Amino acid sequence: MATFIGTWIAAGLTLMILSFLYRDNPFFRFAEHLYVGVSNAYIVWLVWATIVLPDFIGRVFINLDPAKPWSPDYWFLVPGVLGLIMLTRMVPAIEWMSRWALAFVVGWGAGFVIGPVLNSYLLAQLYASFPWVNMQPYLGAPASEYIPALINAVILFVCVVTVLVYFFFSYEHKGVIGGAAKIGIWVLMVAFGASFGSTVMARVSLFIGRARFLVQDAEPTGHAFSALLTLGLLIAIITAIIARRRQPPAGESEPAE
Amino acid sequence: MVRSWERYLLYTLIAFAVFLPLIFPFDVWPNLPTREVLGVFNTIDGLQPGDTIVVAVDFDPSSEPELYPMLLAVLRHAFNKNLYVIGINLFGPAGTGLGVKALTDIGGEMGKVDGEDYVMLGFKPNLPAVISQINSDIKEMYRSDANGRPTADMPILQRTPKLQGNIKYMVDLAAGETVRPWVAYGSAPGGYPMGAGCTAVSFADYFSFYQSGQINGLMGGLKAAAEYEELVGKKGAASAGMNSQSIVHALLVLFIIIGNIIFFRALSLKRAEEGGRA
Amino acid sequence: MMFLRRQLPVVIAFVLGMFTLVIFYIPAAPMQGIGDRLKIFVTIIGAFAMLLGINSILGQHITKIRKRRPGYGYSWVLILGFVAMMIAWIPWWSAPPEGSAAYYPWGGLENPQGAFYWMFFWILVPMQATMFSILAFFIASAAYRSFRAKTLEATVLLVAAVIVMLGRVPLGTSMTSWLPDAGFWSSLRLETMTSWLLNIPNAAGFRGIVLGVALGIIATSVRIIFGVEKTYMGGGD
């Protein structure tokens, strides 16, 4: 029963949000506000039940597992107090106190990330760009494998170098540097093109996921339900188009991307 | 310039292209497995029963259609191989719920026990801190799992008190910028191999890490999820969506071509006009 | 007073930053113990910070209701949604899940029969997923409008995008499946082209970006540690 009601509510809310495709409307705004309210309450649960309670209160104030011996660890008053200080942001008069907590977290992060980023982002990435590194697995391979791999390794190296030239010599694009930077732009265009093509795929997949929920997952009521919904959706869109074409054009209102 | 009826026509066509193949499913086009997905599959397939892997549920409902099927397929594969699974979520709070559900559903289906064969560690803020801490001690960071059970006596965490040296593989199913931090703070210092699954949005970004071998497999978007489902031998949500995906892509390419033809015709007409005037 | 407001945060950031930087390179055991503890500290502080966003959203909407600004009815919906989810958290009916800790409020996600779990899976998840699925239509219309082969660079971008869009779906790869799958002609198959495109030029392009990002992160971190970069403290004094 709970699943049955849930399916209908979820399907209804899904359609309410999809109605934004026509234009901003009361149904969409209702669903949007409901979503924000519910998700914020969820975050309250998560912060309290899975972090503050076990990690802070359970260490300092109460024994959450009475079957076990326990002694308070007062060191954990430090993050607790700093966390409460963080909350002074809510009070404009003493807002500045929250800087201590922020400085604690930001300073910690600043020192912590340097080493790993240097190793994994910078050195490992640079190292893997060199042709002789990438050719290691192909040593002793037959020529039919070795030569294409070599060509690819060299192309990769050239691509990386030209992109870096484009990034770091942005002041002067003349001569050899200019030519390299030009190739660098093309390499970046391929990368952005690939990324864009892939992004289209992702967005479409998300809609497919929702469509699949409406058509296939809505099992308790079977396919009649889903067919009805689909039909309704399409009729709504078509009616919207007709209604809009009959109206005098009220200016192009492109939705924000 | 796109007139509004053009936009609605495009919307309607996309809606049809998505809904019709879902209502009337067919199976014509084979989904060929790619090298990147096989990287993850073969690594998990080569592990011994009793090995432990980490599956990071680093996504939330906004990319659920792409990554949830992937998560189910990976879990099914892992449980089939009798591996122990540690789930964790460090991306967005709502991912914890999805991880709990996936592990409970697939674990229940395969007869696995929560806390014994798998555990879902919940969400914590500050990615670098959490990753590097669980590398050296999980139970200090996670005093309770996502279900509020104390982790102190949990059998799976007795066997695997820390990630470093104890786990054989780590798969990050990422909706955002979590793969690179997992490499930098987790896999590289901890010395365990890592694979990634991501939304198609960030799929292209991670090839620089795949090429360098910092991740040994990369699953991107719904297509990769469908491939994995086929490799595991249980088609599910992702495979069901591939037809719609195909048709929408073909439609879009068609629209792009039409758009360009219109654009260049208008351009040449304009040029001819200007030439006539001059 | 001025010291507490302006200098103390910089001092805190410097001490913490230097400490974590040093223990990365000099991993002495007692220092590691403190380092591990600090990692737990920052996650706990981060958890409190997550509450800030909630406070500001709720505050905004409560003011909106109080002042009866246009659309305040929707603010009621938001508040009601929040309150309903909080009430759903209370463990009304069922017993705590097996093995849970004594003081644990078991009405949350760990209780699959509870109202909280129900609201999470039937309200929060579908809505968040749908919000982002709308983008499918917008990106399609964006692709149609803006993909014009006006310049050489734009053409390169366009061709790469089209190859990836076709090479990543079964329909696209089926179009060239009549080509042999080995030898020279196989490199004209769409999936081979896509794979090459992603693995060589695309990887190189994004590597350039990663290297830039890495330098940026390191530079910003050093600036924070030495108190040059203070934007995280916000404006004012």
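Note on naming: letters A, B, ... go to the chains in the order of the sequence lines (proteins, then strands), and numbering restarts at 1 for each one. The basis for the numbers below is simple: all heavy atoms, side chains too, and nothing from hydrogens, waters or symmetry mates. In this text, all values refer to a predicted model and were calculated from it rather than measured experimentally.
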On the 0 to 90° scale, with breaks at 30° and 60°, tag the Phe116(C)-Trp45(A) ring pair as parallel, tilted or perpendicular.
-> tilted
Heavy atoms of Thr20(C) and Phe112(A) approach each other most closely as OG1-N, 3.3 Å
Ring centers of Phe207(A), Phe132(C) separated by less than 6.0 Å | no
Given the options Ile208(A), Leu82(A), Val106(A), which has more heavy-atom pairs under 4.5 Å with chain C than any of the others?
-> Val106(A)
Over all atoms of both residues, closest heavy-atom pair of Ser221(C) and Val113(A) = OG-CG2, 3.4 Å
Part of Leu156(A) lying under 4.5 Å from any heavy atom of chain C = both
Parallel under 30°, tilted from 30 to 60°, perpendicular over 60°: which one fits the rings of Phe192(A) and Phe206(C)?
-> perpendicular
Closest contact, heavy atoms only, Val38(A) versus Gly81(C) = CG2-O, 3.8 Å
Nearest non-hydrogen partners of Ser133(C) and Leu18(A), listed with the distance = OG-CD2, 4.0 Å
Here the pair of heavy atoms bringing Phe104(A) nearest to Leu38(C) is CZ-CD2, 3.7 Å
Residue pair Leu118(A) / Tyr25(C): nearest heavy atoms and the distance that separates them = CD2-OH, 3.8 Å
In terms of ring plane angle, is the pair Phe196(A) and Phe147(C) parallel, tilted or perpendicular, where the classes change at 30° and 60°?
-> tilted
Apply side chain to side chain donor-acceptor pair (under 3.5 Å) to Ser195(A) and list each qualifying residue two or more places apart in sequence or on a separate chain.
-> none
